[in-house]
K.L.:
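Here's a structure for you.
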Amino acid sequence: MSYNINDAEFKRFSSLIYDIAGITLTDAKKVLLTGRLSKRLTALGFGTYTQYFKYVTDPIHADELQFMVDLLTTNETYFFREPQHFEFLNQIIPPLKQVQNYRVWSAAASVGAEAYTISMILAEKLGENGPWEILGTDISNSVLEQARRGLYRISEAEKIPPQFLKKYCLKGNGEQTGTLLIDKKLRQHVRFEQLNLNVEGMKKTGDFDVIFLRNVLIYFDIPTKQRVVANLIPSLKSGGYLIVGHSESLNGITNVLTTVKPTIYRKP
Ligand SMILES: C[S@@+](CC[C@H](N)C(=O)[O-])C[C@H]1O[C@@H](n2cnc3c(N)ncnc32)[C@H](O)[C@@H]1O
C-alpha cells in the first residue's frame with residue numbers, strides 16, 4: 001500500500017535521520033523514504049506518516065527507531081569494490097616478522113563484503129593463522145547480522161578472484177545451493193559491532209593500522225563529515241592510513257591527515 005507524505009512530514013523524518021545518523025535526505029529522496037517506510041506503516045496499521053512518526057519517536061519504541069534507521073540507510077556494497085585500495089593494502093602490509101598484530105577497521109561495513117575482502121588480503125600476506133584482526137562496524141543492525149553469518153548469494157561474489165573463492169569460500173549444497181559461506185579460518189579474525197560514527201565525542205575503538213571509511217561520507221554534509229573523521233582519527237595509529245571511497249575526499253574536512261594519493265590519507 002502507498003501512503004502520501006506531505007512536506008512537513010517529510011521534513012520531520014529527514015531531520016530525525018539527520019540527527020541520528022548524519023544522513024542528509026534532500027527533497028529528491030522523498031520517493032526513497034516513502035518506498036522504504038510504507039511497509040512499516042502497513043505492518044503497524046498506521047494510516048499516516050504523522051502517526052508513524054509519533055510512534056517511532058516515543059522512547060518506549062526504541063527498537064522501531066533502530067528498525068527505521070536500518071531501513072533508511074543505503075547498504076550497497078560488494079566484494080573487491082574499488083580494487084585499487086586492496087592492491088594498496090597489499091603493498092603496505094609489513095613482512096610477517098615485523099608484525100605484532102595488524103589491525104584494520106571497516107568503519108561502514110554494511111553486510112561485511114569489505115571486511116571479508118580485507119581478510120583475504122591479510123590472510124594471503126600474514127597467513128590464515130597470522131597476527132591480524134579486523135573490526136567491522138555499522139549503524140544498521142540488520143546488515144551486521146548478515147555480516148556475522150558471512151553467508152552471501154553466489155551472485156554477490158562475482159568479483160572475488162577465483163583462487164580466493166577456492167581457498168576462502170565454501171559453496172553451499174542442498175538447501176544452501178546458490179550461497180557462499182566465508183570460511184571460518186577468515187571469520188575467526190573478523191568481528192562486527194554496531195557503532196554510530198555520528199556521535200559527538202565518540203569513544204576510541206582501538207588502534208588501527210588502516211581504517212576503511214568508504215562510500216558513507218557521500219551521505220553526509222560538511223559538518224557531519226568533519227565530526228565523523230575527527231571521531232576516527234584517535235583510533236588510527238601514527239603512520240596508519242585512512243581510505244575513503246573513490247567519489248569522496250577529505251579536502252577541507254581535516255588538517256590532521258596528509259594526502260598520500262587521492263582517497264588515501266595518512267596520520268603523521
Ligand atoms: C553504501 S554502504 C558502504 C559499504 C562499504 N564501506 C563499501 O564501500 O562497499 C554505507 C554504509 O554506511 C552505513 N552508515 C550510514 N550512516 C552511518 C553512521 N552514522 N554510522 C555508521 N554507519 C553508517 C550504512 O548503514 C551503510 O551500511
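As the structure lists them, so they are numbered: ligands from 1, and atoms in each ligand from 1.
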K.L.:
Which atoms of ligand 1 are found less than 4.0 Å from any heavy atom of Thr73?
P.N.:
24 (C), 25 (O)
K.L.:
Spell out, as yes or no, whether a donor-acceptor pair under 3.5 Å connects the side chain of Glu114 to the backbone of Ser106.
P.N.:
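No: the side chain of Glu114 does not pair with the backbone of Ser106.
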K.L.:
My understanding is that we take every heavy atom of each candidate and find the minimum distance to atom 5 (C) of ligand 1. Doing that for Ser110, Gly136, Ala108, which one comes out nearest?
P.N.:
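Considering heavy atoms of Ser110, Gly136, Ala108, the nearest to atom 5 (C) of ligand 1 sits in Ala108.
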K.L.:
Does a salt bridge link Glu248 with Lys225, judged by any charged N lying under 4.0 Å from a carboxylate O?
P.N.:
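Lys225 and Glu248: not salt-bridged.
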K.L.:
Please answer: with hydrophobic residues joined when any side-chain heavy atoms are less than 4.5 Å apart, are Val244 and Ile121 in the same cluster?
P.N.:
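In one cluster: no.
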K.L.:
List every atom of ligand 1 that sits less than 4.0 Å from any heavy atom of Leu197, numbering the atoms from 1 in the order shown and giving each element.
P.N.:
18 (C), 19 (N), 20 (N), 21 (C)
K.L.:
Where does Thr137 meet ligand 1, judged by heavy-atom distances below 4.0 Å: at the side chain, the backbone, both, or neither?
P.N.:
neither
K.L.:
Compute the centroid of each ring, for Tyr241 and then for Phe88, and state whether the two points are separated by less than 6.0 Å.
P.N.:
yes
K.L.:
Determine the interplanar angle of the Tyr55 and His61 rings, folded into 0 to 90°, and report it as parallel if under 30°, tilted if 30 to 60°, perpendicular if over 60°.
P.N.:
parallel
K.L.:
Once you restrict to heavy atoms under 4.0 Å, what part of Arg214 touches ligand 1? Side chain, backbone, both or neither.
P.N.:
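Both the backbone and the side chain of Arg214 come within reach of ligand 1.
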K.L.:
What residue and heavy atom of the protein are closest to atom 8 (O) of ligand 1, and at what distance?
P.N.:
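Going atom by atom, the protein heavy atom closest to atom 8 (O) of ligand 1 ends up being Asn215 ND2, 2.8 Å.
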K.L.:
Look at the aromatic rings of Phe86 and Phe212 and report parallel, tilted or perpendicular, splitting at 30° and 60°.
P.N.:
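Judged by the thresholds at 30° and 60°, the geometry between Phe86 and Phe212 is parallel.
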K.L.:
Could you tell me whether Thr74 approaches ligand 1 through its side chain, its backbone, both or neither, with non-hydrogen atoms closer than 4.0 Å?
P.N.:
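For Thr74, only backbone atoms sit under 4.0 Å from ligand 1.
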K.L.:
I want to know if ligand 1 touches Ala21 in the polar sense, i.e. an N/O pair below 3.5 angstrom.
P.N.:
yes
K.L.:
Below 30° counts as parallel, above 60° as perpendicular, anything between as tilted: where do the rings of Trp132 and His189 land?
P.N.:
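Parallel: the ring planes of Trp132 and His189 meet at under 30°.
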K.L.:
Can you tell me the protein heavy atom closest to atom 15 (C) of ligand 1 and the distance?
P.N.:
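Answer, as residue, atom name and distance: Val216 CG2, 3.6 Å.
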K.L.:
Out of Thr77, Val143, Asp138, Leu144, indicate the one that has the non-hydrogen atom closest to atom 13 (C) of ligand 1.
P.N.:
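That would be Asp138.
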K.L.:
Are any of the N/O atoms on Ser140, whether in the backbone or the side chain, positioned under 3.5 angstrom from an N/O atom of ligand 1?
P.N.:
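In fact, backbone or side chain, Ser140 has no N or O that close.
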K.L.:
Relative to Phe192, does Arg148 satisfy both conditions: NZ or CZ under 6.0 angstrom from the six-membered ring centre, and within 45 degrees of the ring's axis?
P.N.:
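No, Arg148 does not lie over the aromatic ring of Phe192.
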K.L.:
Which atoms of ligand 1 are found less than 4.0 Å from any heavy atom of Leu195?
P.N.:
20 (N), 21 (C)
K.L.:
Which of the atoms of ligand 1 are close to Asn196, meaning less than 4.0 Å from one of its heavy atoms?
P.N.:
18 (C), 19 (N), 20 (N)
K.L.:
Determine the sole option in Ile23, Leu197, Asn198, Thr24 for which the side chain to side chain contact (heavy atoms under 4.5 Å, CB included) test with Thr224 is passed.
P.N.:
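The option that passes is Asn198.
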K.L.:
Check the angle between the aromatic planes of Tyr152 and Phe79 and answer parallel, tilted or perpendicular using the 30° and 60° thresholds.
P.N.:
perpendicular
K.L.:
For ligand 1, find out whether one of its N or O atoms is nearer than 3.5 Å to an N or O atom of Ile139.
P.N.:
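Yes, there is a polar N/O contact under 3.5 Å.
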K.L.:
In ligand 1, which numbered atoms sit nearer than 4.0 Å to a non-hydrogen atom of Glu76?
P.N.:
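What qualifies from ligand 1 is 1 (C), 2 (S), 3 (C), 4 (C), 9 (O).
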K.L.:
At less than 4.0 angstrom from any non-hydrogen atom of Glu114, what atoms of ligand 1 do you find?
P.N.:
5 (C), 6 (N), 7 (C), 8 (O)
